[in-house]
S.K.: 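Sharing a structure, written as structure tokens. Questions coming.
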Amino acid sequence: MAEVTMDCVAARSSIDRQAPKTPGFRRVDQTFVSHGIRCGAWLYLPEGVAQPPVVVMAHGFGGQRWMRLPAYAERFVQRGMAVFVFDYRGFNDSEGRPRNYINPSRHVADWAAAVAHVRSLPMVDGRRMALWGTSFSAGHVMVVAARDPGIAAIVLQVPFTDGVATAMNYSLAFQLQCIYHGLRDLWAAAFGDRRHHVRIAGTPGGAFGMMSTPDAMDGMMRVTGISDEKEYQQHNFCPADIAFALTFYRPVRHAKKIACPALVIGAEKDSLFPPDGPRKAAARMPRATYLSLPMTHFEPYVGEPFEKLVVQMGDFLQTHLKTL
């Protein structure tokens with residue numbers, strides 16, 4: 001296995017950082033503080049709407065906010081909703097180390113800090129707030145919504161729901177590799193100043209990656225919009241101790257406490273997570289609407305599945321945030 005040793009601050013070109021020039025809304029650079037660390041964000045504001053309702057969004061496993069999330073944000077803001085899209089500590093232009101550190105409790109804390117920040121903004125109506133999560137971040141949304149009765153609605157796209165069930169979905173050989181790399185990272189963190197990194201996405205039979213299903217690498221490339229695999233590798237790394245935290249992270253345990261309306265979207269051909277996980281989570285939520293499509297885990301972000309789902313998400317959000 002070729003060890004990933006990158007310890008850089010992942011960043012995109014200045015083109016990605018420029019605010020879009022689409023009429024009808026504007027995008028404002030924002031920062032907020034989570035546990036003393038400054039995090040980067042964008043705030044999308046619709047023109048001509050005073051104190052609009054707001055949707056808070058963040059990416060999934062190892063994702064950064066420029067990775068396809070603007071496509072969702074632009075659709076929602078065009079329907080009269082403000083959208084706050086943020087990066088976790090250690091990702092993209094957010095401060096903090098280790099870089100690309102995937103940790104459920106840390107991410108959930110960043111979500112709570114982002115929600116508190118958005119509620120303090122005078123230009124949006126923080127009382128009408130929805131949370132939108134995808135894949136791993138959809139699990140975080142479940143946890144935050146269960147703890148925060150002020151959330152008006154949530155959208156969960158192909159959510160991670162149960163680490164135990166997910167681990168059992170993989171081979172013993174893969175699990176042993178996870179343990180090996182996780183232990184190396186714990187040792188590196190305890191006795192050195194560098195982490196042991198693994199790839200976020202890999203390929204079956206290739207260098208180890210936390211997501212190594214047949215569609216993972218191609219799926220992440222499509223989500224990022226990067227066509228050159230070598231270019232993608234500068235973003236494709238994380239400290240390996242997520243292998244342990246992932247197994248014991250079970251957002252589904254919070255489902256019964258989610259009081260707000262929820263739109264849960266499942267992928268019937270999901271090879272990354274158990275396909276029935278979203279349905280089981282939705283069944284535990286008092287006010288959930290469950291929708292599934294014959295798609296893989298990475299298909300909702302682009303093409304026809306995106307076009308279909310983003311409309312249904314927008315309808316759901318408008319209904320429950322009472323947007324004009």
Side-chain angles (χ1 to χ4, degrees), residues 55-73 85-88 91-92 100-104 106-108 110-111 131-145 154-163 165-167 169-170 199-202 209-225 232 235-236 238 242-243 245-247 249-252 254-255 262-282 290-293 295-303 305-306 309-310 313:
V55 182
V56 181
M57 306 176 64
H59 225 310
F61 195 90
Q64 302 172 31
R65 70 182 188 271
W66 55 266
M67 295 177 179
R68 194 59 185 164
L69 294 192
Y72 295 89
V85 188
F86 73 92
D87 278 309
Y88 304 109
F91 283 84
N92 193 25
N100 285 15
Y101 188 38
I102 304 173
N103 180 279
R106 180 169 162 138
H107 286 358
V108 168
D110 292 346
W111 268 96
L131 309 182
W132 184 100
T134 185
S135 191
F136 203 46
S137 70
H140 306 333
V141 166
M142 291 173 63
V143 177
V144 175
I154 60 173
V155 175
L156 310 175
Q157 177 174 270
V158 291
F160 174 92
T161 60
D162 190 338
T166 299
N169 209 39
Y170 289 90
R199 285 168 170 77
I200 294 170
M210 290 303 303
M211 298 187 293
S212 292
T213 55
D215 60 340
M217 178 61 76
D218 179 67
M220 286 298 293
M221 297 279 287
R222 284 187 285 121
V223 170
T224 61
Y232 170 59
H235 310 287
N236 188 28
C238 67
I242 181 56
L246 189 67
T247 301
Y249 185 42
R250 307 188 69 191
V252 69
H254 299 265
L263 176 61
V264 184
I265 298 165
E268 295 167 9
K269 299 179 181 179
D270 199 325
S271 61
L272 200 61
F273 306 148
D276 62 347
R279 177 183 56 79
K280 290 180 178 179
Y290 177 64
L291 170 66
S292 68
L293 291 178
M295 59 185 179
T296 64
H297 186 83
F298 296 96
E299 286 187 280
Y301 301 94
V302 295
F306 168 78
L309 290 170
V310 76
M313 292 174 186

S.K.: When you measure from the side chain of D87 to the backbone N and O of R65, does any donor-acceptor pair fall under 3.5 Å?
M.R.: yes

S.K.: As an exercise, state the distance from CD of E268 to CE of M295, rounded to the nearest 0.5 Å.
M.R.: 8.0 Å

S.K.: Hey, what do you get for CG (L156) to CG (L291), rounding to the nearest 0.5 Å?
M.R.: 12.0 Å

S.K.: Which heavy atom of S271 sits nearest a heavy atom of N169, and at what distance?
M.R.: O-ND2, 4.0 Å

S.K.: I want to check something: taking the side chain as every heavy atom from C-beta on, are Y249 and V143 in contact at a cut-off of under 4.5 Å?
M.R.: yes

S.K.: Return each pair, listed once, that meets salt bridge (charged side-chain N to carboxylate O under 4.0 Å, His left out) where at least one residue sits in residues 209-222; pairs must be two or more places apart or across chains.
M.R.: D218-R222

S.K.: Ignoring hydrogens, what is the shortest heavy-atom contact between G266 and V158? Give both atom names and the distance.
M.R.: C-CG1, 4.4 Å

S.K.: Run the side-chain contact (heavy atoms from CB on, under 4.5 Å) check on F61 and I242 step by step: do they pass?
M.R.: CA-CA 10 Å; F61 195 90; I242 181 56; 3.8 Å; yes

S.K.: Using every non-hydrogen atom in the two residues, find where A255 and A281 come nearest and quote the distance to one decimal.
M.R.: CB-O, 3.8 Å

S.K.: So, using side-chain hydrogen bond (donor to acceptor under 3.5 Å, both in side chains) as the criterion, who are the partners of H107 when residues are at least two apart?
M.R.: none

S.K.: Got M217 and F298 here, is their nearest side-chain heavy-atom distance under 4.5 Å?
M.R.: no

S.K.: To the nearest 0.5 angstrom, please state how far the NE2 atom of H59 sits from the CZ atom of F86.
M.R.: 12.0 Å

S.K.: Judged by atom type as modelled, is there a donor-acceptor pair below 3.5 Å linking the side chain of Y232 to the main-chain atoms of G225?
M.R.: no

S.K.: Say whether, by atom type as modelled, one donor and one acceptor occur between the side chain of S137 and the main chain of A58 under 3.5 angstrom.
M.R.: yes

S.K.: Please examine the side chains of W66 and H235, heavy atoms only from C-beta on, and report whether any two atoms are closer than 4.5 Å.
M.R.: yes

S.K.: For S135, give me all partners under side-chain hydrogen bond (donor to acceptor under 3.5 Å, both in side chains), at least two apart in sequence or on another chain.
M.R.: H297

S.K.: Do you know the tightest heavy-atom contact between P300 and L309?
M.R.: CB-CD1, 3.9 Å

S.K.: Under the rule for side-chain hydrogen bond (donor to acceptor under 3.5 Å, both in side chains), what residues qualify as partners of D162, not counting sequence neighbours?
M.R.: R250

S.K.: Between CZ of R68 and OG1 of T224, what distance do you get to the nearest 0.5 Å?
M.R.: 11.0 Å

S.K.: Test of understanding: with side-chain hydrogen bond (donor to acceptor under 3.5 Å, both in side chains), list the residues that count as partners of T296, not counting sequence neighbours.
M.R.: E299

S.K.: Determine whether F136 and P104 make a side-chain contact, defined as any pair of heavy atoms from C-beta on separated by less than 4.5 Å.
M.R.: yes

S.K.: Can you check whether Y72 and F306 have ring centres sitting under 6.0 Å from each other?
M.R.: yes

S.K.: Looking at every heavy atom in both M57 and W132, which two are closest together, and how far apart are they?
M.R.: CE-CE3, 3.3 Å

S.K.: Identify, with sequence neighbours excluded, every residue that meets side chain to side chain contact (heavy atoms under 4.5 Å, CB included) alongside V144.
M.R.: V108, W111, L131

S.K.: Quick one: OH on Y88 to CG on N103, what's the gap to the nearest 0.5 Å?
M.R.: 11.5 Å

S.K.: Whether the T134 and Y301 side chains hold a donor-acceptor pair (N or O, under 3.5 Å, no angle test) is what I'd like checked.
M.R.: yes

S.K.: What is the minimum heavy-atom distance between T166 and P274, and which atoms define it?
M.R.: OG1-CD, 3.6 Å

S.K.: So, taking the atom named CD1 in I102 and the one named CD1 in I200, what distance separates them when rounded to the nearest 0.5 Å?
M.R.: 4.5 Å

S.K.: So, does N100 use its side chain to make a donor-acceptor pair with the main chain of G62 at under 3.5 Å?
M.R.: no

